[in-house]
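Working notes for the structure below.
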Amino acid sequence: METRDRVELLLTPGMTREDWARLEDAYHRTMAGEDTVTPITRVLCRYHLKLFNEDIDRQCAALERTGARLVFRWEPDYPAALRAIAEAPHALFVRGELPADDRPVIAIVGTRKPSTGGSALAYELARTLSMLGVLVVSGMARGIDTAAHHGALDAGAPTVAVLGTGVDVAYPPENAMLMGRIARDGAVVSEQLCGMHASRGVFPRRNRIISGMSDAVVVVEGGIRSGALITARWAADQGRDVGAVPGFPGGFRSQGPNQLLREGAFVVEHANDVVSHVKRIAERVRLESLERAQGDGAGLDGDAARVYDVVSNATTVDDVALATGLPVEHAQSLLTLLEIEGRIWRDDAGNYARSGPRRQR
């Protein structure tokens, strides 16, 4: 299907949910080799409408300029997990490449005005999970979202940003460079037309896409009425797991996560909590650990190798940070990674030691 055909279909006035369902059915019958009328021809003939060529031209030009494409719900490139939710968008604008559906996905979301510690935790969660092969999804908003995207990218992994604007509109504006980096190394997606700027009412509905793409949603910080809590509500309705980072009672940034914990969300203090709670991630990490980990430093390089080298008996996070010159948060992230892989273990006091043949946790 050519780009212009796709845009014409998306902009066809009067399309109902039933029309979209018929189109999807026709697509699948066509792919199965059955005789059927081309879906676009059927729709355009039915409505006998002359579409506004100027609007179509504008969308086509934006897609060409940004290198984006329009993917319909029935096509293989459309995320399978998102397709399964009740209110999946009929189409997504996509800049970049969406990772394969066999990759586990975690959404990390939170307030636009985080604490320093909250931002650091979101960054390290995203970095560690990305190093374990988990895809991190967020909304590219200021604060927690931005920290999560940076954590994934700094791990050398792709990440997905789900926007409430067009895929050609950077919001917030200061994230223009980040958006370009995400599109290059991962994907920027939106259901909004190109050129669409930020509108308050759009973002709550956008959040159903973030949760719908994910196996679980983790809320780091946020108020009771924050967008992050809306994402968590969508996740619960969609049957996804919800995790939350506990905060100090009474703090406005803690109100949302603490409320979620009271409602049954799982506690998230580091990446291991996510790995141990979310079944699909645990299975993926367990499989890869069996393939890579030998209870020694085989196959490690860079900072991970440096951290492993300084671990002996009863080594603390501060010991590792001091010996390697790494920030404490990054040292903790790598220690968690090595523990998940079975290369080291942690005692009840939180100290680390190398795993021996009989010293597995």
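Below, all heavy atoms of this structure are taken into account, side chains as well, without hydrogens, waters or symmetry copies. One-based numbering along the sequence shown.
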Worksheet item: Taking the side chain as C-beta and beyond, is there a heavy-atom pair between R95 and M179 under 4.5 Å?
Response: yes

Practice prompt. List the atom of A152, the atom of V136, and the distance in Å for their closest heavy-atom pair.
Written response: CB-CB, 4.2 Å

Discussion item. Do L334 and L326 have side chains that approach each other closer than 4.5 Å (heavy atoms only, starting at C-beta)?
Written reply: yes

Worksheet, complete the sentence: Those residues at least two apart in sequence (or on a different chain) that pass salt bridge (charged side-chain N to carboxylate O under 4.0 Å, His left out) with D303 are R306

Worksheet item: When you look at E191 and R206, which way does the salt bridge (Lys or Arg N to Asp or Glu O under 4.0 Å) test go after all the steps?
Response: CA-CA 8 Å; E191 65 178 327; R206 176 279 307 265; over 6 Å; no

Fill in: Parallel, tilted or perpendicular: rings of Y171 and F203 (30°, 60°)
tilted

Practice prompt. Starting from the C-alpha separation in whole Å, work towards a yes-or-no answer on ring pair (Phe, Tyr, Trp, His ring centres under 6.0 Å) for Y352 and Y308.
Written response: CA-CA 10 Å; Y352 293 88; Y308 180 82; over 10 Å; no

Worksheet item: Sequence neighbours excluded, which residues qualify as side chain to side chain donor-acceptor pair (under 3.5 Å) partners of T146?
Response: N175

Worksheet item: Given side chains that start at C-beta, do those of P257 and V220 come closer than 4.5 Å, heavy atoms only?
Response: no

Practice prompt. Verify salt bridge (Lys or Arg N to Asp or Glu O under 4.0 Å) between R280 and D102, making sure each step is shown before the conclusion.
Written response: CA-CA 10 Å; R280 189 161 176 242; D102 63 350; 6.0 Å; no

Worksheet entry | Short side-chain donor-acceptor distance under 3.5 Å, Q259 and Q255 | no

Practice prompt. State whether the side chain of E64 and the backbone N or O of A61 hold a donor-acceptor pair below 3.5 Å, judged by distance alone.
Written response: no

Fill in: Which atom of G139 lies closest to which atom of L163, heavy atoms considered
O-CD2, 4.3 Å

Discussion item. Counting C-beta onward and ignoring hydrogens, is there a side-chain heavy-atom pair between T165 and H197 closer than 4.5 Å?
Written reply: no

Item to complete: Would you please say whether a donor-acceptor pair under 3.5 Å links the side chains of R127 and H330?
Response: yes

Discussion item. Among residues at least two apart in sequence or on other chains, which ones pass salt bridge (charged side-chain N to carboxylate O under 4.0 Å, His left out) with D101?
Written reply: none

Discussion item. Under the rule for ring pair (Phe, Tyr, Trp, His ring centres under 6.0 Å), what residues qualify as partners of H277, not counting sequence neighbours?
Written reply: F266

Worksheet item: Are L178 and V169 in one and the same hydrophobic cluster, where Ile, Leu, Val, Met, Phe, Trp and Tyr link if side-chain heavy atoms are under 4.5 Å apart?
Response: no

Fill in: side chain to side chain donor-acceptor pair (under 3.5 Å) partners of Q238, counting only residues at least two apart
S211

Practice prompt. Could you tell me which residues satisfy salt bridge (charged side-chain N to carboxylate O under 4.0 Å, His left out) with D168, sequence neighbours excluded, listed by chain and number?
Written response: R65

Discussion item. Tell me every residue that passes salt bridge (charged side-chain N to carboxylate O under 4.0 Å, His left out) with R205, counting only those two or more places apart in sequence or in another chain.
Written reply: E87

Worksheet item: Do the side chains of L11 and D55 get nearer than 4.5 Å, heavy atoms only?
Response: yes

Discussion item. Between S115 and E221, do the side chains contain a donor N or O and an acceptor N or O under 3.5 Å apart?
Written reply: yes

Worksheet, complete the sentence: Sorted by chain and number, sequence neighbours left out, ring pair (Phe, Tyr, Trp, His ring centres under 6.0 Å) with H270 holds for none

Fill in: Check: T159 and S130 side chains under 4.5 Å, non-hydrogen atoms
no

Worksheet entry | Validation row: I56, R4 side chains within 4.5 angstrom (heavy atoms) | yes

Worksheet item: Who pairs with R73 by side chain to side chain donor-acceptor pair (under 3.5 Å), at least two apart in sequence or on another chain?
Response: E24

Fill in: Residues in side chain to side chain donor-acceptor pair (under 3.5 Å) contact with T128, at least two apart in sequence or another chain
S333

Item to complete: Kindly indicate whether the side chain of M196, heavy atoms from C-beta on, has any atom under 4.5 Å from the side chain of S190.
Response: no

Worksheet item: For M177, what are the other residues in its hydrophobic cluster, where any two members join if their side-chain heavy atoms are less than 4.5 angstrom apart?
Response: none

Item to complete: Could you please spell out the steps behind the side chain to side chain contact (heavy atoms under 4.5 Å, CB included) verdict for Y123 and H150?
Response: CA-CA 7 Å; Y123 177 90; H150 277 298; 4.1 Å; yes

Item to complete: Hydrophobic side-chain clustering at under 4.5 Å (ILVMFWY, transitive links): who's grouped with Y78? Put none if nobody.
Response: V71, L82, I85, L92, V94, L98, V105, V109, L135, V137, V160, V162, V189, I209, I210, M213, V217, V219, L229, V242, L260

Item to complete: Start with the C-alpha distance between R83 and E75, add both sets of side-chain angles, then the distance that settles salt bridge (Lys or Arg N to Asp or Glu O under 4.0 Å), and finish with yes or no.
Response: CA-CA 10 Å; R83 185 188 295 122; E75 296 183 294; over 6 Å; no

Fill in: Chi angles and distances behind the side chain to side chain contact (heavy atoms under 4.5 Å, CB included) call for V7, L63
CA-CA 10 Å; V7 174; L63 289 171; 3.9 Å; yes

